[in-house]
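What follows is a set of notes on a single structure, which appears directly below.
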Amino acid sequence: MKKIFLSIMTVAVAAACSKSDIAYENDQVEIGFAPVPHNITKSVAGVEDTTFPTDLDLYVFANIQGDEVDADGNLLDMWPSEYLNNARFVYDRLGSNGVYEGETPRYWPNVKSLIFAGYSNACGVVKNAEMDFAANELTIPAYTQDNATYTAEGANDLMWFPWNGSSYTKQSTAIPAVMQHACSWITVKVLRDANTTDETWTLKGLQINGLYHTGDATCGEDAATWEVYGNTSAETLYTGTAALGTTAEVYEDVDENMVVIPQVPTSINVTYSYVPQEGVAAVTETVKDLDLKIVSDPKSDDNIWESGKHYTYTIKITATEILIAPEVDGWDPVTVTPDIEF
């Protein structure tokens with residue numbers, strides 16, 4: 001899961017294209033989006049390098065510059081009017097340019113400038129999503145994270161880009177729209193202790209317990225906060241028979257892309273067996289229920305998965321006990337060389 005970057009760009013289209021129900025001032029320049037490289041080191045969205053997944057859509061909000069001024073000629077409200085409201089942008093509607101265009105064509109105003117925000121996810125449009133540009137907060141209610149349809153690229157991830165504080169006109173050729181992760185990424189690694197060489201150890205299952213899958217998200221400039229609710233259920237990461245070595249390895253049926261709504265973690269069940277090799281036929285299968293603390297100190301109150309964070313739990317099985325060590329990092333922050341100047 002590497003970084004991507006979206007740029008709002010202008011797309012020339014024929015004047016005959018149909019308009020939406022919004023009263024646009026100009027029909028000549030359509031609003032479009034395209035992924036571009038950008039020099040940035042914060043944890044931002046992505047699947048592979050600078051390629052935004054073409055099976056995901058974008059949902060965009062925009063407000064337009066106002067007209068009302070005070071006695072000194074100063075604008076009373078810079079961005080009073082809604083221009084785009086949860087507008088859906090789909091990949092390559094025009095068929096050949098590799099750009100995300102409005103499902104219904106969306107056009108730049110002739111003179112006035114716009115401000116933008118938006119989101120993307122694999123579960124379709126969130127009909128009640130709202131953008132408050134004054135607070136720079138995007139609210140996404142009743143979002144459900146579907147863990148049954150993960151792909152190797154981790155496409156089932158909710159991402160958003162906040163208003164970047166600037167405005168743009170149809171003459172703008174590239175506008176930063178940095179996508180951020182609203183969810184948490186969980187990875188589990190397992191190994192056996194190096195002192196257990198006389199026995200054969202087999203991992204048979206990993207299951208995270210008590211996960212919430214639905215919640216209300218408030219996405220600000222740098223992070224998303226969540227209120228989770230509804231039923232909880234267990235999430236199976238791995239089932240099988242994997243011979244454990246002394247090097248920590250990832251064992252996940254979901255291709256290392258366990259993406260969850262940020263919440264307080266509960267526990268993980270680890271199922272394993274071992275067979276003594278000195279002619280003993282007995283196989284002992286053990287299920288351990290381990291607390292998923294985020295930090296190593298079990299007394300710490302800092303125990304909630306946060307948006308845009310990657311949590312790695314390394315589980316070590318020994319002859320007498322089972323240990324778990326948590327780590328937390330950003331979501332694969334990288335730097336790429338920009339091809340476009342901003």
Inset, instruction - Mind checking ring-ring contact (aromatic ring centres under 6.0 Å, His included) for Phe89 and listing every partner two or more places apart, or none if nothing turns up? - result: Phe33

Inset, instruction - Identify, with sequence neighbours excluded, every residue that meets ring-ring contact (aromatic ring centres under 6.0 Å, His included) alongside Trp226. - result: Tyr143

Working to the nearest 0.5 Å, report the span between [atom1] of [X] and [atom2] of [Y].
X: Leu58; Y: Glu101; atom1: CG; atom2: CD; value: 11.0 Å
X: His181; Y: Cys219; atom1: NE2; atom2: SG; value: 12.5 Å
X: Leu138; Y: Asp132; atom1: CG; atom2: CG; value: 10.0 Å
X: Leu84; Y: Ile115; atom1: CG; atom2: CD1; value: 11.0 Å
X: Ser120; Y: Met159; atom1: OG; atom2: CE; value: 4.5 Å
X: Gln263; Y: Glu227; atom1: CD; atom2: CD; value: 12.0 Å

Minimal non-hydrogen separation, [X] against [Y], with atom names:
X: Ile64; Y: Pro80; result: O-CD, 3.5 Å
X: Arg106; Y: Glu30; result: O-CG, 3.2 Å
X: Thr246; Y: Asp193; result: CG2-O, 4.2 Å
X: Thr169; Y: Ser113; result: CG2-CB, 3.8 Å
X: Tyr272; Y: Ile322; result: CE2-CD1, 4.3 Å
X: Ala248; Y: Thr314; result: CB-CG2, 4.0 Å

Inset, instruction - Among Trp79, Tyr83, Trp108, find the one that has a ring pair (Phe, Tyr, Trp, His ring centres under 6.0 Å) with Phe116. - result: Trp108

Among the clusters formed by ILVMFWY side chains lying less than 4.5 Å apart, do [X] and [Y] turn up in the same one?
X: Leu191; Y: Tyr313; answer: no
X: Val90; Y: Met179; answer: no
X: Val328; Y: Ile324; answer: yes
X: Val287; Y: Leu292; answer: no

Inset, instruction - Would you please test His213 and Ser233 for side-chain contact (heavy atoms from CB on, under 4.5 Å) and show each step? - result: CA-CA 8 Å; His213 302 286; Ser233 63; 2.8 Å; yes

Inset, instruction - May I ask you to decide if the ring planes of Tyr119 and Tyr59 are parallel, tilted or perpendicular, using 30° and 60° as cut-offs? - result: parallel

Output yes when a side-chain donor or acceptor of [X] lies under 3.5 Å from a complementary backbone atom of [Y], and no otherwise.
X: Thr318; Y: Thr320; result: yes
X: Trp160; Y: Gly220; result: yes
X: Asn136; Y: Trp163; result: yes

Legend entry - side-chain contact (heavy atoms from CB on, under 4.5 Å) evaluation trace for Leu244 with Ile317: CA-CA 9 Å; Leu244 291 177; Ile317 300 174; 3.7 Å; yes

Any heavy-atom pair between the side chains of [Y] and [X] that's under 4.5 Å?
X: Thr139; Y: Thr218; result: yes
X: Asn269; Y: Lys288; result: no
X: Phe61; Y: Phe133; result: yes
X: Val270; Y: Leu206; result: yes
X: Ile186; Y: Ile208; result: yes
X: Val188; Y: Tyr251; result: no
X: Val260; Y: Gln145; result: no
X: Pro109; Y: Gln65; result: no

Inset, instruction - Just do the side-chain contact (heavy atoms from CB on, under 4.5 Å) check on Tyr107 and Ile31 with the steps written out, would you? - result: CA-CA 5 Å; Tyr107 299 98; Ile31 299 171; 5.9 Å; no

Inset, instruction - Sequence neighbours left out, what passes side-chain hydrogen bond (donor to acceptor under 3.5 Å, both in side chains) with Glu137? Give chain and number order. - result: none

Inset, instruction - Go through the side-chain N and O atoms of Tyr212 and Asn231 and say whether any donor and acceptor fall under 3.5 Å apart. - result: no

Legend entry - Side-chain H-bond candidate by donor/acceptor type, Glu130 with Asn128, under 3.5 Å: no

Legend entry - Steps toward side-chain hydrogen bond (donor to acceptor under 3.5 Å, both in side chains) verdict (Asp289, Ser267): CA-CA 6 Å; Asp289 188 18; Ser267 65; 2.8 Å; yes

Legend entry - side-chain contact (heavy atoms from CB on, under 4.5 Å) between Lys189 and Thr312, intermediate numbers included: CA-CA 7 Å; Lys189 298 180 179 181; Thr312 301; 4.2 Å; yes

